[in-house]
Number of protein chains: 2
Amino acid sequence: MSTKRPYTEALARLRAVNLRPTRQRLALAKLLFSGGDRHVTAESLHREAHGKQIRVSLATVYNALHQFTEAGLLRQVAVDATRSYFDTNTRHHHHFFSEDENTLTDIPDETIAVSRLPTPPAGKTIDRVDVVVRVRKSDL
Amino acid sequence: MSTKRPYTEALARLRAVNLRPTRQRLALAKLLFSGGDRHVTAESLHREAHGKQIRVSLATVYNALHQFTEAGLLRQVAVDATRSYFDTNTRHHHHFFSEDENTLTDIPDETIAVSRLPTPPAGKTIDRVDVVVRVRKSDL
DNA sequence: GTGTTTGCAAAGTGTTTGCAATTTA
DNA sequence: TAAATTGCAAACACTTTGCAAACAC
């Protein structure tokens, strides 16, 4: 678990991928990697940081999210045409997407399975398979 | 097949869903529904229309795509955080997404299967399951 | 004629970029 | 102090909206 020593933890992560541990990156890394798995958008992370008195610009949040993604610390998920989501769980897994609340949730890996993968078009290789189970409130 | 009599065909489709067959809507419906299954973005459809001397504004293309989608003639597909894709195939099926060319292709339904669907979070119902098989050029 | 639809231009989102000032090593 | 990073504001790409003119019925 990465709940303890969030500062050291975040610092180590940044060092490991050769990103300078600036005040902003450290703070964001702490928010992202100190709890369990998380799903954030640039906006939501920026808002969260501000709520905790961390001064960081939205542009820097965008930069950090992309740098973290490139470094393999995050994974980008495309579910909504308007916003970009980032997932701290970089292992292979799938998602629930709540269309009411616009929120992502991980699907436990054992509870879903794709069988019979198709042959990709000629000259192409499968990069990855994303399954999004779209859910909404039961009643209405 | 809807290849023949594209005008009558498009007209019938619009009538069926109670959308006034205006010149613009008819022209777009003809482009969309006269061939086989298609995947378009607002931009690509607008460009295509212009190429065929059909005068229609981008705003109208957006309106039409949304009206057609609402009417069940199209289906919206979320694969890319920046653009919205619309699919003329509204049956249940999945997609290849080429990350090199930003293009969608249908996956024949028999060649893919999702087994063991997960139980949705409490109070939620599964609306639909989208599988996107991301592919890229084999070499590099 | 009356209500609908169109096209334009303006406004709105979410995101990226250029660059001077600041910070890190 | 040299190189990297930040924050701001401007630019961007895509999409939506308000409204007068044009159109369908």
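Residue numbers begin at 1 in each chain, while the letters A, B, ... track the order of the sequences. As the structure is a prediction and not an experimental result, all values here were calculated from the model. Just so it is clear, the values below take in all heavy atoms, side chains as well, and ignore hydrogens, waters and symmetry mates.
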Report yes if some heavy atom in the side chain of B/L74 is under 4.5 Å from a heavy atom in the side chain of B/V40; otherwise report no.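 No - every pair of side-chain heavy atoms lies 4.5 Å or more apart.
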Take the protein atom [atom1] of [X] and the nucleotide atom [atom2] of [N], then report the distance between them rounded to whole Å.
{"X": "A/L58", "N": "D/dC12", "atom1": "CG", "atom2": "P", "result": "19 Å"}
{"X": "B/R83", "N": "D/dC12", "atom1": "CZ", "atom2": "P", "result": "17 Å"}
{"X": "A/R55", "N": "D/dG7", "atom1": "CZ", "atom2": "P", "result": "7 Å"}
{"X": "A/Q67", "N": "D/dT5", "atom1": "CD", "atom2": "P", "result": "7 Å"}
{"X": "A/H46", "N": "D/dT6", "atom1": "NE2", "atom2": "P", "result": "13 Å"}
{"X": "B/Q24", "N": "D/dA22", "atom1": "CD", "atom2": "P", "result": "13 Å"}
{"X": "B/H66", "N": "D/dT16", "atom1": "NE2", "atom2": "P", "result": "4 Å"}
{"X": "A/L19", "N": "D/dT5", "atom1": "CG", "atom2": "P", "result": "7 Å"}

Taking a hydrophobic cluster as the set of Ile, Leu, Val, Met, Phe, Trp and Tyr residues connected by side-chain heavy atoms closer than 4.5 Å, whether directly or through intermediates, do A/L26 and A/L65 fall within one such cluster?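 In one cluster: yes.
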Mapping B/P21 and A/A81 to their closest nucleotides on DNA chain D, which lands nearer the 5' end?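 In this pair, the answer is A/A81.
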Would you mind telling me which residue lines up with the more 5' stretch of DNA chain D, B/S84 or B/T22, judged by nearest nucleotide?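 The residue whose closest nucleotide sits nearer the 5' end is B/S84.
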Where DNA chain D forms stems, i.e. three or more consecutive Watson-Crick or G-U pairs with both distances under 3.5 Å: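 Runs of three or more consecutive pairs: C:1-25 with D:1-25.
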Relative to the ring of [Y], is the ring of [X] parallel (under 30°), tilted (30 to 60°) or perpendicular (over 60°)?
{"X": "B/H50", "Y": "B/H46", "value": "tilted"}
{"X": "A/F33", "Y": "A/F68", "value": "tilted"}
{"X": "B/H93", "Y": "B/H39", "value": "tilted"}

Of all residues at least two apart in sequence or in a different chain, which pass the side chain to side chain donor-acceptor pair (under 3.5 Å) check with A/T69?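 Partners of A/T69 under the side chain to side chain donor-acceptor pair (under 3.5 Å) test: none.
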If you look at every heavy atom in A/T125 and B/S138, which pair is closest and at what distance?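 Heavy atoms of A/T125 and B/S138 come nearest at OG1-OG, 3.0 Å.
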Modelled atom types, side-chain donor and acceptor of B/E9 and B/S34, under 3.5 Å: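 No pair is found: no donor N or O on one side chain lies under 3.5 Å from an acceptor on the other.
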For residues B/H94 and B/D130, is any side-chain donor paired with an opposing acceptor at under 3.5 Å?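 Short answer, no.
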Can you pull the contact range of chain B along DNA chain C, 5' to 3', using atoms under 4.0 angstrom from its heavy atoms?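 The footprint of chain B covers C/dG3 to C/dC8.
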Counting only side-chain N and O atoms of B/Y62, is one of them less than 4.0 Å from OP1 or OP2 of D/dT16?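 For B/Y62, the contact criterion (side-chain N or O under 4.0 Å from OP1 or OP2 of D/dT16) is not met.
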Please tell me which of B/R20 and B/N63 maps to the more 5' nucleotide of DNA chain C, matching each residue to the nucleotide holding its nearest heavy atom.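 Nearest-nucleotide comparison on DNA chain C picks B/R20.
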